[in-house]
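Excluded from the calculations below are hydrogen atoms, water molecules and symmetry mates; all remaining heavy atoms, backbone and side chain alike, are included. All residue numbers refer to positions in the sequence shown, counting from 1.
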Amino acid sequence: MEIRFIYIGFFFLLSANAMAQQNHSISLDESKKAALEYSRAIQNSELGIQSAEAGKKGAAANYLPSVSATGIGLYNFKDFISAMPPLLTEGVNNAYFAGATATEVLYAGGKIRTANELAALQISVNKIRAKQSRDSVLLQTENKYWTLMKLQEQHKTLNANETYLDGILKQQEDLLTSGLIARNDLLKVKVQRSKLLLEKSKLNNGRKVAILDFCFFIGIPFDSLLVMRDRLDTTRIPAIDALAPDLDLTANNDYQLLQKSLESEQLQTKMTRANYLPSVSLGFSAGQVGSINNSLGSTFMPIAFGVVNIPISDWWGTGKQKLKQRNISEKIAGNRFKDGEDQLKVGILKSWYDLEDAQKQIRVAKENYGQAAENLVVTRDNYSSGLSSISDLLDAQAQLQQAESEQITAYGDFFNKTASYRSITGKLLN
């Protein structure tokens, strides 16, 4: 019975430890989700879309008739029209006018249609910028996550090496007590251990700052015990997603914005041209004119009208030069589009080669780590046999520590480069 209670208590202890670790850990997917929900940049992007949609509704209202109402009242302390019996028995010292006018534009050179196209274009631009903001948040989240992951794994490396040096230090103390070594050998181990402890302290402080920055960015409370739940699998070399760089810019946010910028210049040219085309509109106006409390009475005046406006002189004056300026601006935008397209392709190619180099760096780091581990084993055996000094053993230990740190850095850099390549090719969400 007592053994059973001990077993149950041990089970609950393990469960509590697991729950505590779960509360102090976060995965990459959870980090991304939290960052997307918290980001103020994304919130502003959504507000930008709402503003653009309101602008489009405002532009669409130009298709509707324009209606206005006018009211005018006049009062004079003396009659401004004297009595004229029998036609006007009393003088007139007041007058009023109330009227309404409705105007419908039948044709404005395509200006209304172009304005609606520009408003729709602005919505598209804001949606692209919103996606750009999301991609930026996701990319920064991945970068910060893998940076913390590297620090976390390097912390484990330093702990393991501290344990290893503690073992050597204990051995040296026993040998010194037995009079088998000089005190100088013990001091060498202590110096090496002090260097490691200082490096560990710096790493811990840097890790706390990185955790604080990470928590602020994804919008969670600061937790100094926070650990990254994902793991760097150093047993294999990670593969690159594709076999060749993807130079298709269709999904690239910057490329889409370049396209929209060119479309905007073309629509601005159409809008300028529309200013110098004839415009036709029809309207109806109705008004009531009269005087209050006198014999003048009132008169109802309905009027229908049509307006045709032809800006003749603008075709060889200011209008002609403005159209010329707009055509030049459109050509400049086309050249910028081509330059931007080329630069984006160069950026994709560079990102691809950076990713390839990161994968090669993993191979080199793994090879160096394997050699350093083997060298430590051989040196430890030689030291035990009296063929190597304590300095040789400490050097081998330091080389293994450095090699393991470089291997961790290589893996973390690879995942950061992968995120960057996915971002520039528009596949980060995948």
Side-chain angles (χ1 to χ4, degrees), residues 146-207 227-228 230-240 354-418:
W146 291 118
T147 296
L148 277 171
M149 178 63 70
K150 288 190 293 184
L151 294 174
Q152 182 174 300
E153 294 300 316
Q154 287 171 353
H155 183 265
K156 294 179 182 178
T157 298
L158 293 180
N159 282 340
N161 279 272
E162 182 183 0
T163 302
Y164 186 81
L165 287 177
D166 286 343
I168 296 178
L169 182 62
K170 179 65 171 61
Q171 183 187 46
Q172 294 299 300
E173 289 173 343
D174 293 341
L175 291 175
L176 181 63
T177 302
S178 303
L180 298 177
I181 62 170
R183 183 172 178 79
N184 187 44
D185 288 347
L186 177 63
L187 293 177
K188 290 178 181 179
V189 178
K190 287 185 176 181
V191 169
Q192 184 86 339
R193 185 175 180 276
S194 296
K195 290 181 179 179
L196 186 144
L197 292 178
L198 178 60
E199 186 177 350
K200 182 178 177 181
S201 176
K202 290 180 178 179
L203 186 140
N204 284 335
N205 291 336
R207 183 167 173 264
V227 296
M228 308 300 105
D230 296 83
R231 291 290 179 266
L232 288 177
D233 185 5
T234 57
T235 60
R236 63 181 184 87
I237 297 177
I240 298 177
D354 287 345
L355 185 56
E356 275 194 334
D357 289 341
Q359 189 185 53
K360 292 175 183 176
Q361 186 61 41
I362 288 178
R363 291 191 177 96
V364 173
K366 285 182 68 66
E367 183 178 352
N368 291 341
Y369 175 75
Q371 293 174 353
E374 184 179 356
N375 179 57
L376 180 60
V377 172
V378 173
T379 304
R380 183 64 187 256
D381 291 341
N382 289 339
Y383 175 76
S384 299
S385 304
L387 300 177
S388 296
S389 65
I390 187 64
S391 296
D392 295 333
L393 181 59
L394 293 176
D395 287 342
Q397 176 271 328
Q399 290 172 10
L400 179 61
Q401 178 182 322
Q402 180 67 24
E404 188 171 5
S405 177
E406 290 176 353
Q407 180 178 246
I408 292 170
T409 299
Y411 273 89
D413 289 347
F414 176 83
F415 290 117
N416 276 334
K417 298 296 184 185
T418 299

When the side chains of residues 398-406 are checked against the rest of the protein, which donor-acceptor pairs come out under 3.5 Å, sequence neighbours left out?
from : atom 1 : to   : atom 2 : distance (Å)
Q399 : OE1    : N375 : ND2    : 3.4
Q401 : OE1    : Q397 : NE2    : 3.2
Q401 : NE2    : E199 : OE1    : 3.2
Q402 : NE2    : E406 : OE2    : 3.0
E404 : OE2    : T157 : OG1    : 3.3
S405 : OG     : Q154 : NE2    : 3.4

Enumerate donor-acceptor pairs with a distance under 3.5 Å from any side-chain N or O in residues 176-190 to protein atoms, sequence neighbours excluded.
from : atom 1 : to   : atom 2 : distance (Å)
T177 : OG1    : E173 : O      : 2.8
S178 : OG     : D174 : O      : 3.0
K188 : NZ     : S391 : OG     : 3.0

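Nearest heavy-atom pair across L232 and M149 is CG-CG, 3.6 Å. Taking every heavy atom of both residues into account, F414 and A358 meet most closely at CA-CB, 3.8 Å.
Screening residues 356-383 for salt bridge (Lys or Arg N to Asp or Glu O under 4.0 Å), with sequence neighbours left out, gives no hits. Counting only residues at least two apart or on different chains, the salt bridge (Lys or Arg N to Asp or Glu O under 4.0 Å) pairs with a member in residues 147-166 are K150-D413, E153-K156, E162-R193, E162-K200, D166-R193.
Scanning for side chain to side chain donor-acceptor pair (under 3.5 Å) contacts around D395 gives an empty result, with sequence neighbours left out. For D354, the salt bridge (charged side-chain N to carboxylate O under 4.0 Å, His left out) criterion is met by K350, not counting sequence neighbours.
Here the side chains of L196 and L165 are in contact, with some heavy-atom distance below 4.5 Å. For the pair Q359/L355, no side-chain contact is recorded, criterion being any heavy-atom separation below 4.5 Å from C-beta on. With contacts defined as side-chain heavy-atom distances shorter than 4.5 Å, the pair T234/Y411 qualifies.
Between atom CD1 of residue I362 and atom CD1 of residue I408 there is a gap of 12.0 Å, rounded to the nearest 0.5 Å. To the nearest 0.5 Å, atom CG of residue L169 and atom CD of residue Q192 are 11.5 Å apart. Between L158 atom CG and L151 atom CG the span is 10.5 Å, to the nearest 0.5 Å.
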